[in-house]
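Heavy-atom basis, side chains included; hydrogens, waters and symmetry copies ignored.
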Amino acid sequence: MADKQISLPAKLINGGIAGLIGVTCVFPIDLAKTRLQNQQNGQRMYTSMSDCLIKTIRSEGYFGMYRGAAVNLTLVTPEKAIKLAANDFFRQTLSKDGKKLTLVKEMLAGCGAGTCQVIVTTPMEMLKIQLQDAGRLAAQRKLMASQTGGGGAVAESISARPTAIQISRELLRSKGIAGLYKGLGATLLRDVPFSIIYFPLFANLNKLGQKTPDEKSPFFVSFLAGCAAGSTAAVAVNPCDVIKTRLQSLQRGVNEDTYSGIIDCTRKIWKSEGPAAFLKGAYCRALVIAPLFGIAQVVYFIGIGEFLLGFLPSQRDK
């Protein structure tokens, strides 16, 4: 197929550009997802995605919706580049016999891509979650202070929110590199099944727009296939995403549970909040992932990376 001739540098550029565009568009929804997933039955600050975003703008301003975006924008390029390039690598490796990939081999390629990406995803998510959830915790403390009449010290603590660099330094100082990889198991539990579902589903949906096996699908088919596959996979693994978010959160609100691991987290959520809690933020996640991967696949298949590399002398001379 035509996409097999795309060079590795072009694939990395395509993945990086797609990630930057996608994250910029959908980050506020991702922030709402994190805050909805993290709030427990004790202190519910938000009732829905729209309620969360409205309250965030009122208390933190418009740019409050983009808290943690700098971390994502910095690390999403290598993350998406690794994910897309790894999937292509494994697909090509598994299809060297010249035969069409079976569904099992497509799922194996997705599994390999999901496993590779957690190298970047885990620390990125770790830092992003702390920054995203800081506003919820600050609002909760402010509410408690207004009810008890002790607003002075609380107001001072609310204004002093940590940065990604401060969090990184503290984690490295106290726990070493392992501190940035807290929740690695839960991240694997989410991202590997996601990729196993997403990549085969996208490949098969995208084929519906191909007139011949050697042609690329039209622009709109790649976009819709990416959106459909992304949202389906996102909702399917949402319970794992809830567990991962809870485990990676370093700060807790008033009367909120703490967790020692995946099994402990699963058991406590089921017992205190019920099975429906595992679907918290599912529609937010679908709204984030659908355009994110739709945009990613469009950029990837248009081949912006090849276009940019064409301006390099070393590429033009070939």
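- Atom CD1 of residue I21 and atom CG of residue L292 lie 10.5 Å apart, to the nearest 0.5 angstrom.
- Using modelled atom types, no side-chain atom of N206 and backbone atom of F202 make a donor-acceptor pair closer than 3.5 Å.
- Here the OH atom belonging to Y62 is positioned 12.5 Å from the OG1 atom belonging to T56, to the nearest 0.5 angstrom.
- Screening residues 218-238 for salt bridge (Lys or Arg N to Asp or Glu O under 4.0 Å) gives no qualifying pairs among residues at least two apart or on separate chains.
- T122 places no side-chain N or O within donor-acceptor distance of the main-chain N or O of Y181, the cut-off being under 3.5 Å.
- When atom types are taken as modelled, the side chain of K175 and the backbone of E170 share no donor-acceptor pair closer than 3.5 angstrom.
- Screening D191, N87, I82 against C116 for a side-chain contact (heavy atoms from CB on, under 4.5 Å) leaves a single residue, I82.
- When every heavy atom of P291 is checked against every heavy atom of V26, the shortest pair comes out as CG-CG1, 3.5 Å.
- If you check the side chains of K207 and S217, you find no donor sitting under 3.5 Å from an acceptor.
- Contact annotation: the side chain of C111 never approaches that of F90 to less than 4.5 Å [non-hydrogen atoms, C-beta and beyond].
- Other residues, nucleotides and ligands place no more than 12 heavy atoms under 6.0 Å from the CD1 atom of I263.
- The closest side-chain donor-acceptor pair between Q132 and N38, if any, does not fall under 3.5 angstrom.
- The backbone N or O of A139 sits nowhere less than 3.5 Å from a side-chain atom of K55 that would complete a donor-acceptor pair.
- Side-chain contact between V221 and L208 is absent, with no heavy-atom pair separated by less than 4.5 Å.
- Side-chain N or O atoms of D257 include none that pairs as donor or acceptor with a backbone N or O of I269 at under 3.5 Å.
- Here the side chains of K83 and F199 are in contact, with some heavy-atom distance below 4.5 Å.
- Between the OG1 atom in T93 and the CG atom in L108 there is a gap of 12.0 Å [rounded to 0.5 Å].
- Using a 4.5 Å heavy-atom cutoff, the side chains of R67 and E60 are in contact.
- When side chains are defined from C-beta on, F27 does not count as touching V288, because their heavy atoms never get closer than 4.5 Å.
- Closest heavy-atom contact between P275 and W270: CB-CZ3, 3.6 Å.
- No side-chain heavy atom of Q40 sits under 4.5 Å from any side-chain heavy atom of S272.
- Listed by chain and residue number, R136 satisfy the salt bridge (Lys or Arg N to Asp or Glu O under 4.0 Å) test with D133 (two or more places apart in sequence, or in another chain).
- Nearest heavy-atom pair, A32 versus C52, reported as atom, atom and distance to 0.1 Å: CA-SG, 3.8 Å.
- A donor-acceptor pair shorter than 3.5 Å cannot be found between the side chains of E79 and N72.
- Within a 6.0 Å sphere centred on CD of Q251, other residues, nucleotides and ligands contribute 12 heavy atoms or fewer.
- Of all non-hydrogen atoms in G135 and R35, the two that sit nearest each other are CA-NH2, 3.3 Å.
- Atom CG of D30 is separated from atom CD1 of I289 by 7.5 Å, given to the nearest 0.5 angstrom.
- Q130 places a side-chain N or O within 3.5 Å of a backbone atom of M126 that can act as its donor or acceptor partner.
- Residue E256 holds its CD atom at 8.5 Å from OG of S249, rounded to the nearest 0.5 Å.
- In this structure, L287 and M49 have side chains that are in contact, with non-hydrogen atoms separated by less than 4.5 Å.
- Rounded to the nearest 0.5 Å, atoms CG (L172) and CG (L180) are 4.5 Å apart.
- In this structure, the side-chain contact (heavy atoms from CB on, under 4.5 Å) partners of A228, at least two apart in sequence or on a different chain, are L205.
- Under the salt bridge (Lys or Arg N to Asp or Glu O under 4.0 Å) criterion, R169 pairs with no residue, sequence neighbours left out.
- Contact record, S195 with G114: OG-CA, 3.4 Å, taken as the closest heavy-atom pair.
- The local environment of CD1 in I165 is sparse, with at most 12 non-hydrogen atoms from other residues, nucleotides or ligands closer than 6.0 Å.
- Take S48 and apply the side-chain contact (heavy atoms from CB on, under 4.5 Å) test, not counting sequence neighbours, and it matches S50, D51, Y283.
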Report, one line per pair, each donor and acceptor closer than 3.5 Å where one atom sits in a side chain of residues 241-248; sequence neighbours left out.
{"unit_1": "D241", "atom_1": "OD1", "unit_2": "R190", "atom_2": "NH1", "d": "2.8"}
{"unit_1": "D241", "atom_1": "OD2", "unit_2": "K33", "atom_2": "NZ", "d": "2.9"}
{"unit_1": "D241", "atom_1": "OD2", "unit_2": "Q37", "atom_2": "NE2", "d": "3.0"}
{"unit_1": "K244", "atom_1": "NZ", "unit_2": "E125", "atom_2": "OE1", "d": "2.8"}
{"unit_1": "K244", "atom_1": "NZ", "unit_2": "Q248", "atom_2": "OE1", "d": "2.9"}
{"unit_1": "T245", "atom_1": "OG1", "unit_2": "Q37", "atom_2": "OE1", "d": "2.8"}
{"unit_1": "T245", "atom_1": "OG1", "unit_2": "D241", "atom_2": "O", "d": "2.9"}
{"unit_1": "R246", "atom_1": "NE", "unit_2": "Q37", "atom_2": "O", "d": "2.7"}
{"unit_1": "R246", "atom_1": "NH1", "unit_2": "Y259", "atom_2": "OH", "d": "2.9"}
{"unit_1": "R246", "atom_1": "NH1", "unit_2": "E273", "atom_2": "OE2", "d": "2.9"}
{"unit_1": "R246", "atom_1": "NH2", "unit_2": "Q37", "atom_2": "O", "d": "3.0"}
{"unit_1": "R246", "atom_1": "NH2", "unit_2": "E273", "atom_2": "OE1", "d": "3.0"}
{"unit_1": "R246", "atom_1": "NH2", "unit_2": "E273", "atom_2": "OE2", "d": "3.3"}
{"unit_1": "Q248", "atom_1": "NE2", "unit_2": "K182", "atom_2": "O", "d": "3.0"}

